[in-house]
Amino acid sequence: MLNYKKYKRVPVVDYKEREWPNKEIMKAPIWCSVDLRDGNQALIEPMVVEEKIEMFNLLVKLGFKEIEIGFPSASQIEYDFLRQLVDRKLIPDDVVIQVLVQCREHLIDRTFESLRGIKQAVVHIYNSTSTLQRDVVFNKSKEEIKQIAIEGTKMVKERAKNFPGKIILEYSPESFTGTELDYALEVCTAVQDIWEPTVDNKIIFNLPATVEMNTPNVYADQIEWMHKHFKDRDKIILSIHPHNDRGTGVAATELAMIAGADRVEGTLFGNGERTGNVDILNVAYNMFSQGINPELHLEHINEIIEVYERCCKMPVGMRHPYAGKLVFTAFSGSHQDAINKGLAAMKARGSEIWEVPYLPIDPSDVGREYEPIVRINSQSGKGGVAFVMDTYFGYKLPKGMHKEFADVIQKIAEAQGEVSPDTIMDKFTEEYLTHNTDKETPFKFISCKIADLDEHKDGGDTLAKLEFMYKGESFKVDRIGNGPIDAVKHCLMDMAHVNFKIYDYNEHALGEGSHAKAAAYVAVMDLDSGRVTYGVGQSTNITRASIRAVFSALNRLAR
C-alpha cells in the first residue's frame with residue numbers, strides 16, 4: 001500500500017478577494033521561448049552549436065520576439081553560440097535575446113562580455129527564495145537571501161550603464177510557488193527599488209512554478225495576489241514560468257494569464273526538466289481554437305515537429321495535443337459518424353465558423369490533412385466506414401447501406417486489426433462491383449436497351465430489352481414497366497422466377513464533367529424471405545448503372 005502519510009498538503013493561499021475566476025483570456029501574452037536554455041539543459045544529449053542555431057532560426061520563424069538563448073557565463077558552448085548569433089548577424093532587430101545568470105560578480109561580468117554587439121538584451125538574474133531551499137540548501141535567513149537579489153541587481157545596473165545597447169532586467173524569485181507571498185513581494189520590491197524601472201523601461205518579474213506544488217487555481221491566486229500588491233504595477237511586466245510536475249502546466253498557465261500575467265516563458269512541446277516546462281504551442285493553439293490570435297506563426301506544425309525532433313532527439317507523443325499523429329484520428333464509430341455529419345453540415349450551410357464534433361480545430365489550419373481523421377478498426381462503426389468511402393473514394397453510401405457494409409468490414413477488422421482505406425475499397429469492389437467477372441453469379445448482366453412508350457400503354461411507359469444470364473443460361477426478354485428499373489424487374493421476375501421488389505434507390509455522380517461515372521444504389525427485398533440487401537452499379541450511363549445495381553443486389557441475396 002502506498003505510504004501516503006509520508007506527504008503533507010502544500011498550503012493554499014488564503015485569498016478570498018480573488019477576481020480571476022470571472023475573467024477570460026482575451027489576447028496573447030508576450031511569449032518567451034526558453035527552449036535553448038531550460039529545454040536544452042534537460043536533453044539527454046544537449047544541442048551542439050549548429051543545432052542550437054537551427055532551433056533559434058525556427059523560433060524566429062515562428063514569431064517569438066523574446067528568446068532565452070542560454071547561460072553563456074556557465075558554459076563555453078552557450079557562450080560560443082551567442083557569439084555565433086552576433087557574428088553571423090542572425091538576430092533580427094525586433095528580437096530580444098535573453099541570457100540567464102546567477103547573482104555572482106564574475107558570472108555577470110562574463111555575461112556582459114558575451115553580449116557585446118547586441119542591440120537589446122534581457123539579463124535574467126535569479127536566486128531561490130523558497131522556505132525549503134532557504135533551510136536545506138542555503139541555510140540562510142530571509143534577509144540574507146534578499147541581499148543576494150539586491151547585490152545581483154546592483155551589479156547588473158552598474159554594468160548596464162556602460163553597455164552600448166539596451167539592457168532589460170528580469171528577476172526571478174526561483175521556486176516562487178514554495179515562497180511566502182509577502183516575502184516574495186518583499187524581495188521583488190527590493191530589486192525594483194534598486195533598478196528604478198519606468199513605464200517606458202519596465203522591469204520583468206518572473207514568478208516561476210519551478211516545481212508544481214498545488215492545483216492550478218492556487219498558482220492563479222499567487223499570481224493575482226502579486227499582481228495586485230506590486231507597487232508601480234505599470235512599470236512591471238509580470239512573467240510566469242510554469243513547470244509541469246503535476247501535469248497541469250497548461251492549465252496553470254491559462255489561469256495565471258487570467259490572473260494578471262503579461263508574459264509566458266515556456267518551450268515547444270513542453271520539453272524541460274523532470275516532466276517539462278509549459279508547452280507554449282499547446283497554450284497558443286488553445287487560444288487559436290477560441291478565436292484569439294496567438295500572435296505566433298503556427299500554420300505548419302509538421303515542420304515544427306521535424307526541427308524539434310531532429311534538434312532535441314526526442315519524439316513528440318502520438319497523443320500530444322494538436323501535434324500528435326493520432327490527435328485528429330477517430331477510432332470510435334460514434335465519433336466517426338459525428339465527424340462525418342459535422343463536416344457535411346458545415347458544407348451544406350456554407351458556414352465559415354468551424355463547428356465539427358470531436359475536432360476542436362480544422363486540422364488543415366495547422367498543416368495537417370483530413371485523410372487520417374478516420375481510421376477503421378474493430379471499434380469503429382457504420383459512420384466511419386461510410387466516411388472513408390465518401391472522403392477517399394467519392395461513394396456516398398445511402399444511410400440504409402451504412403450498417404450492411406460496416407458489418408462486412410467489421411469481420412476483417414476483428415481478424416487483422418486496423419483496416420486501411422484501400423482494403424475497404426477492395427472489399428467494396430468485391431462485394432458490390434463485380435460486373436462482368438466470374439464472381440457475378442448467379443445473375444450476369446449482358447446488355448439492355450430502353451425505349452420510351454406512350455404513357456400508360458399496356459400498364460407502363462418504358463420498354464426494356466434485357467439480355468442476361470442466370471445460372472449459366474442465357475435469356476433475352478422484353479418487358480414493360482413504370483420506368484427502366486421497373487421494366488428490368490419484370491424481365492427478371494418472369495424469366496428467372498425470382499420474387500423481389502425495389503426497396504430503396506439512390507444515385508450520384510462520381511466526379512465532375514461529361515465523362516464522369518455515375519454510381520447507383522439499389523436495395524432489393526426478397527419477398528419470400530423478407531431479406532433486404534443493397535447492390536451498387538457504376539457506369540457513364542446512369543440507367544446502366546442502375547440496372548447493374550439491381551443485378552449486384554440480386555447476386556448478394558443469392559450469396
Side-chain angles (χ1 to χ4, degrees), residues 28-41 43 45-101 107-125 156-157 159-170 200-202 204 206 237 239 263-268 271 280-281 284 294-300 303-313:
I30 300 167
W31 301 110
C32 177
S33 161
V34 294
D35 290 88
L36 293 166
R37 197 275 301 172
D38 215 353
N40 184 58
Q41 75 179 27
L43 296 177
E45 184 181 341
M47 289 178 260
V48 298
V49 169
E50 288 305 317
E51 289 170 335
K52 289 168 79 77
I53 287 174
E54 183 178 12
M55 179 64 78
F56 177 82
N57 288 336
L58 172 66
L59 296 170
V60 170
K61 185 176 181 179
L62 296 180
F64 284 94
K65 301 304 179 186
E66 298 188 11
I67 302 172
E68 187 168 88
I69 56 89
F71 206 141
S73 63
S75 167
Q76 188 62 45
I77 192 172
E78 296 192 6
Y79 185 99
D80 293 341
F81 167 54
L82 178 50
R83 297 316 307 160
Q84 286 279 324
L85 293 179
V86 176
D87 296 341
R88 291 162 65 171
K89 296 180 170 53
L90 296 175
I91 306 171
D93 290 341
D94 62 345
V95 172
V96 179
I97 293 301
Q98 180 169 305
V99 289
L100 186 72
V101 60
L107 297 179
I108 291 174
D109 285 338
R110 179 71 167 163
T111 298
F112 272 86
E113 179 186 325
S114 73
L115 290 172
R116 66 186 186 280
I118 287 182
K119 296 178 181 178
Q120 52 183 345
V122 174
V123 174
H124 181 185
I125 62 173
V156 174
K157 185 173 183 179
R159 286 150 184 79
K161 290 178 182 178
N162 300 317
F163 187 76
K166 180 180 179 180
I167 295 295
I168 302 162
L169 179 68
E170 174 174 348
D200 295 327
N201 292 287
K202 298 181 181 182
I204 300 171
N206 188 51
I237 295 172
S239 177
R263 181 177 184 267
V264 173
E265 292 188 350
T267 61
L268 304 181
N271 174 46
I280 281 184
L281 297 178
E295 298 182 17
L296 291 172
H297 307 302
L298 306 177
E299 298 88 344
H300 304 291
E303 179 186 349
I304 303 171
I305 294 169
E306 180 186 351
V307 175
Y308 168 84
E309 290 187 336
R310 182 168 58 252
C311 292
C312 296
K313 305 168 190 69

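Side-chain atoms are counted along with the backbone in the values below, which use heavy atoms only and exclude waters and symmetry mates. Numbering starts at 1 and runs along the sequence shown. What you see is a predicted model, and the numbers here were worked out from it, not measured in a lab.
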- prompt: For Thr267, what residues pass the side chain to side chain donor-acceptor pair (under 3.5 Å) criterion, not counting sequence neighbours?
  reply: none
task: Could you pull out the closest heavy-atom pair between Leu298 and Ala284, with the gap in Å?
output: CD1-CB, 3.5 Å
message: Run the salt bridge (charged side-chain N to carboxylate O under 4.0 Å, His left out) test against Glu170 and tell me which residues pass, sequence neighbours left out.
response: Arg263
Closest contact, heavy atoms only, Met47 versus Cys311: CG-O, 3.3 Å
- line: Per side chain to side chain contact (heavy atoms under 4.5 Å, CB included), Ile67 is matched among Val122, Leu36, Val34 by Leu36
- prompt: Out of Ile91, Ile118, Val49, which one pairs with Leu85 under the side chain to side chain contact (heavy atoms under 4.5 Å, CB included) rule?
  reply: Ile91
- prompt: Which residues pass the side chain to side chain contact (heavy atoms under 4.5 Å, CB included) test with Gln76, sequence neighbours left out?
  reply: Tyr79, Asp80, Arg110
statement: Residues passing the ring pair (Phe, Tyr, Trp, His ring centres under 6.0 Å) test with Phe64, sequence neighbours excluded, are none
- prompt: Mind checking what makes side chain to side chain donor-acceptor pair (under 3.5 Å) contact with Glu309, not counting sequence neighbours?
  reply: none
- line: Sequence neighbours excluded, the answer for side chain to side chain contact (heavy atoms under 4.5 Å, CB included) partners of Lys61 is Glu303
message: Going by side chain to side chain contact (heavy atoms under 4.5 Å, CB included), name the residues that satisfy it together with Gln41, two or more places apart in sequence or in a different chain.
response: Arg37, Asp38, Glu273
- prompt: Applying salt bridge (Lys or Arg N to Asp or Glu O under 4.0 Å), which residue pairs with at least one partner in residues 81-93 are found, sequence neighbours left out?
  reply: Glu50-Arg88, Arg83-Asp87, Asp93-Lys119
statement: When every non-hydrogen atom of Ile280 is compared with those of Cys32, the smallest separation belongs to CD1-O, 3.6 Å
- request: I would like to know whether Val307 and Leu268 meet side-chain contact (heavy atoms from CB on, under 4.5 Å); could you show each step before the answer?
  value: CA-CA 11 Å; Val307 175; Leu268 304 181; over 6 Å; no
- prompt: Partners of Glu306 by side chain to side chain contact (heavy atoms under 4.5 Å, CB included), sequence neighbours excluded?
  reply: Arg310
statement: Residue set satisfying ring pair (Phe, Tyr, Trp, His ring centres under 6.0 Å) with Phe112, at least two apart, ordered chain then number -> Phe163
message: Let me confirm one number: the CG-CZ distance from Leu115 to Arg159, rounded to the nearest 0.5 Å.
response: 12.5 Å
message: Show the nearest heavy-atom pair for residues Asp35 and Gly266, with the distance to one decimal.
response: OD1-O, 4.0 Å
Closest heavy-atom pair and its distance - Ser73, Val101: OG-CG2, 3.8 Å
field: Inter-residue atom distance Glu78.CD - Lys52.NZ, 0.5 Å rounding
entry: 4.5 Å
field: Gap between atom CG of Asn40 and atom CD of Glu68 - 0.5 Å precision
entry: 11.5 Å
- request: Carefully, step by step, assess Met55 and Cys312 under the rule side-chain contact (heavy atoms from CB on, under 4.5 Å).
  value: CA-CA 9 Å; Met55 179 64 78; Cys312 296; 3.8 Å; yes
- request: For Trp31 and Pro294, indicate whether the former's side chain and the latter's backbone hold a donor-acceptor pair under 3.5 Å.
  value: yes
query: What do the steps show when you test Lys166 against Asn201 for side-chain contact (heavy atoms from CB on, under 4.5 Å), and what is the final call?
result: CA-CA 10 Å; Lys166 180 180 179 180; Asn201 292 287; 3.3 Å; yes
statement: side chain to side chain donor-acceptor pair (under 3.5 Å) filter on Asp94, not counting sequence neighbours, yields Lys65
task: Enter the distance from Leu58:CG to His297:NE2 here, rounded to the nearest 0.5 Å.
output: 12.0 Å
message: If I take atom CG from residue Leu62 and atom NE2 from residue His300, how far apart are they, to the nearest 0.5 angstrom?
response: 10.5 Å
field: Between NE2 on residue His124 and OG on residue Ser239, distance to nearest 0.5 Å
entry: 7.5 Å
statement: Across all chains, not counting sequence neighbours, the side chain to side chain donor-acceptor pair (under 3.5 Å) partners of Asn57 are none
- request: Under the side-chain contact (heavy atoms from CB on, under 4.5 Å) rule, what do Phe81 and Ile77 come out as? Steps first, then yes or no, please.
  value: CA-CA 6 Å; Phe81 167 54; Ile77 192 172; 5.6 Å; no
